[in-house]
There are 2 protein chains.
Amino acid sequence: MALEHAILVSLLEQPGSGYELARRFERSIGYFWTATHQQIYRVLKRMEGESWIDAREVAQQTRPDKKEYSVTALGRSVLTQWLHEPIAPESVRHELAVKIRGAAFDDPIALIREVERHRQAHADRLARYLAGERRDFTGPEAPAAHDAGQELQHVVLRGGIAYERMTLAWLDDVIATLHRLGPQA
Amino acid sequence: MALEHAILVSLLEQPGSGYELARRFERSIGYFWTATHQQIYRVLKRMEGESWIDAREVAQQTRPDKKEYSVTALGRSVLTQWLHEPIAPESVRHELAVKIRGAAFDDPIALIREVERHRQAHADRLARYLAGERRDFTGPEAPAAHDAGQELQHVVLRGGIAYERMTLAWLDDVIATLHRLGPQA
DNA sequence: TCCTTCTATGCAACTCGTTGCATAGACAAG
DNA sequence: CTTGTCTATGCAACGAGTTGCATAGAAGGA
């Protein structure tokens with residue numbers, strides 16, 4: 001399971017509350033892992049019970065109080081151990097591809113709108129990734145000196161960018177193929 | 001849930017037993033969806049109970065008897081309906097990327113072997129995909145005439161190939177980045 | 001004033017997916 | 001002759017992930 005480890009990495013990069021973690025999972029960590037707040041709160045509770053992290057109550061004026069979590073020495077050693085274990089190469093789950101092969105038993109033309117919708121979603125994600133890259137790494141406002149953590153964040157972001165670019169090109173191929181099949185289907 | 005729909009598509013392409021489906025999920029369907037035999041048998045049972053598919057007992061001499069499933073008219077209409085519903089653009093889950101960002105809190109050099117192992121796994125997959133493409137679509141032995149189903153299978157396979165190529169290039173980038181960081185880490 | 005959004009945390013129920021185990025005959029290699 | 005692999009199906013238990021709901025104060029817009 002990687003959610004716990006993704007949380008450990010994120011809290012090492014910057015301590016924070018469950019709510020803040022949930023927002024990071026919509027942004028930078030979302031490049032490679034997703035999680036809802038319910039999942040995060042549940043796992044945080046378990047991780048605190050196992051003393052991988054500890055909580056500090058932070059009172060706030062205009063906003064509800066929050067619990068800020070930090071990684072303990074034990075949590076850090078748990079992460080280190082996991083980093084040294086091999087993991088299985090990830091397996092793909094692409095629901096849209098199921099639909100594309102299913103289109104052989106339906107109307108290929110009808111699927112084009114759906115594929116275009118997905119294309120738009122990926123184009124939006126790519127734009128967000130590129131904006132983030134300019135802001136944090138390549139733009140004129142970006143910090144000049146990069147430590148190891150930033151270099152690694154950047155290479156992961158480059159992976160997200162490459163993924164979205166590849167997906168856009170493939171979806172164009174899919175749309176062209178569906179168009180070609182349309183008339184005689 | 002797409003497993004049911006992936007099974008419907010696969011059984012429409014070719015009726016078969018749970019065991020045969022499990023093997024297809026290691027091959028062509030595995031380009032975009034994975035499932036173990038336990039999952040498949042369980043879902044087949046449910047689908048049969050809902051009359052989306054029906055089973056035919058096939059006695060075999062040298063091998064155990066099997067149940068060959070086919071899609072019913074109801075199953076086909078369930079698939080058609082699903083094809084016309086929008087689905088959410090897929091979300092990424094890349095455990096290796098968690099490790100890469102985690103390497104900032106450990107030894108980047110130690111991660112190189114693991115990344116190279118993944119690179120090899122993706123290179124192997126790409127080779128299998130390309131062999132399948134030559135066999136079924138682009139090679140001299142491939143059937144000349146392609147119907148809609150084959151065109152759609154091919155475009156999905158092209159997606160798998162593009163994904164593996166993109167991943168290989170990215171993993172090279174990752175390895176180079178880890179090497180650069182090694183010395184001063 | 002009311003409606004919505006944002007911050008912040010959480011429970012309960014459910015479905016999906018994984019892991020370990022079990023059965024059982026056929027066949028091939030050592 | 002024993003060990004391992006392949007075909008073929010399945011149960012049980014667990015862990016991961018989703019969906020719906022609930023609370024509650026602050027801020028901002030219609």
Side-chain angles (χ1 to χ4, degrees), chain A residues 1-7 11 15-27 29-30 32-50 53 55-69 82 85 87-95 98, chain B residues 1-7 11 15-27 29-30 32-50 53 55-69 82 85 87-95 98:
Chain A
M1 220 278 285
L3 177 55
E4 296 160 356
H5 304 109
I7 287 174
L11 290 179
S17 67
Y19 189 82
E20 283 160 354
L21 281 169
R23 276 187 309 172
R24 290 184 211 171
F25 275 85
E26 288 169 3
R27 294 156 188 258
I29 306 175
F32 55 89
W33 204 266
T34 53
T36 59
H37 77 271
Q38 288 88 346
Q39 239 185 306
I40 291 164
Y41 282 121
R42 196 201 299 152
V43 172
L44 281 174
K45 196 145 280 191
R46 188 173 66 226
M47 290 168 76
E48 196 186 0
E50 288 172 9
I53 55 176
R56 192 172 64 91
E57 289 279 343
V58 177
Q60 297 183 117
Q61 287 81 19
T62 64
R63 297 191 244 176
D65 297 356
K66 65 175 180 177
K67 278 187 253 180
E68 193 177 83
Y69 291 97
W82 177 74
E85 283 165 15
I87 50 170
E90 92 290 350
S91 47
V92 189
R93 292 260 162 118
H94 206 129
E95 224 174 332
V98 181
Chain B
M1 222 277 284
L3 177 55
E4 296 160 357
H5 303 109
I7 287 174
L11 290 179
S17 68
Y19 189 82
E20 284 161 353
L21 281 168
R23 276 186 310 171
R24 291 184 210 169
F25 275 85
E26 288 169 3
R27 294 156 188 256
I29 306 175
F32 54 90
W33 205 267
T34 53
T36 60
H37 77 270
Q38 288 89 346
Q39 237 186 307
I40 290 165
Y41 283 121
R42 197 201 299 155
V43 171
L44 281 174
K45 195 145 280 190
R46 188 173 65 225
M47 290 169 77
E48 196 186 0
E50 289 172 8
I53 55 177
R56 192 173 63 89
E57 290 279 342
V58 177
Q60 298 183 119
Q61 286 82 18
T62 63
R63 299 191 243 178
D65 297 355
K66 65 175 180 178
K67 278 187 252 179
E68 194 177 84
Y69 291 97
W82 177 74
E85 282 164 15
I87 51 170
E90 92 290 350
S91 48
V92 189
R93 293 258 162 119
H94 207 129
E95 224 174 331
V98 180

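Every chain is numbered from 1 and lettered A, B, ... according to where its sequence line falls, protein lines coming before strand lines.
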Are the charged groups of B:Lys66 and B:Glu57 less than 4.0 angstrom apart, N to O?
no
Between A:Lys45 and C:dG10, is there a contact of a side-chain N or O with OP1 or OP2 at under 4.0 Å?
yes
All heavy atoms of A:Ala2 vs all of A:Trp82, minimum pair found to be CB-CZ2, 4.4 Å
B:Gln38 side chain, from C-beta outward: closest of D:dT9, C:dG10, D:dC11
D:dC11
OH of A:Tyr41 versus P of D:dT18: gap in Å, rounded?
17 Å
Intermediate values then yes/no, salt bridge (charged side-chain N to carboxylate O under 4.0 Å, His left out), A:Lys67 and A:Glu48:
CA-CA 11 Å; A:Lys67 278 187 253 180; A:Glu48 196 186 0; 5.3 Å; no
Shortest non-hydrogen separation from A:Phe25 to A:Ala6 and the atoms involved:
CZ-CB, 4.1 Å
Are B:Tyr19 and D:dT9 close enough that a side-chain N or O sits under 4.0 Å from OP1 or OP2?
no
Does B:His37 or A:Trp33 map to a spot on DNA chain D nearer the 5' end, using the closest nucleotide for each?
B:His37
Taking OP1 and OP2 of D:dT19, is either one under 4.0 Å from a side-chain nitrogen or oxygen of A:Thr36?
no
When A:Lys67 and A:Arg42 are each assigned the nearest nucleotide of DNA chain C, the 5'-most assignment goes to A:Lys67
Should A:Arg93 be listed as having a side-chain N or O under 4.0 Å from OP1 or OP2 of C:dG17?
yes
Could you check how far CD of A:Gln39 sits from C1' of C:dC14, rounded to whole Å?
14 Å
Output the rounded distance in Å from CD1 (B:Ile87) to P (D:dT18).
15 Å
Closest-nucleotide mapping onto DNA chain D: is B:Tyr69 or B:Arg23 further toward the 5' terminus? I mean the 5' end.
B:Arg23
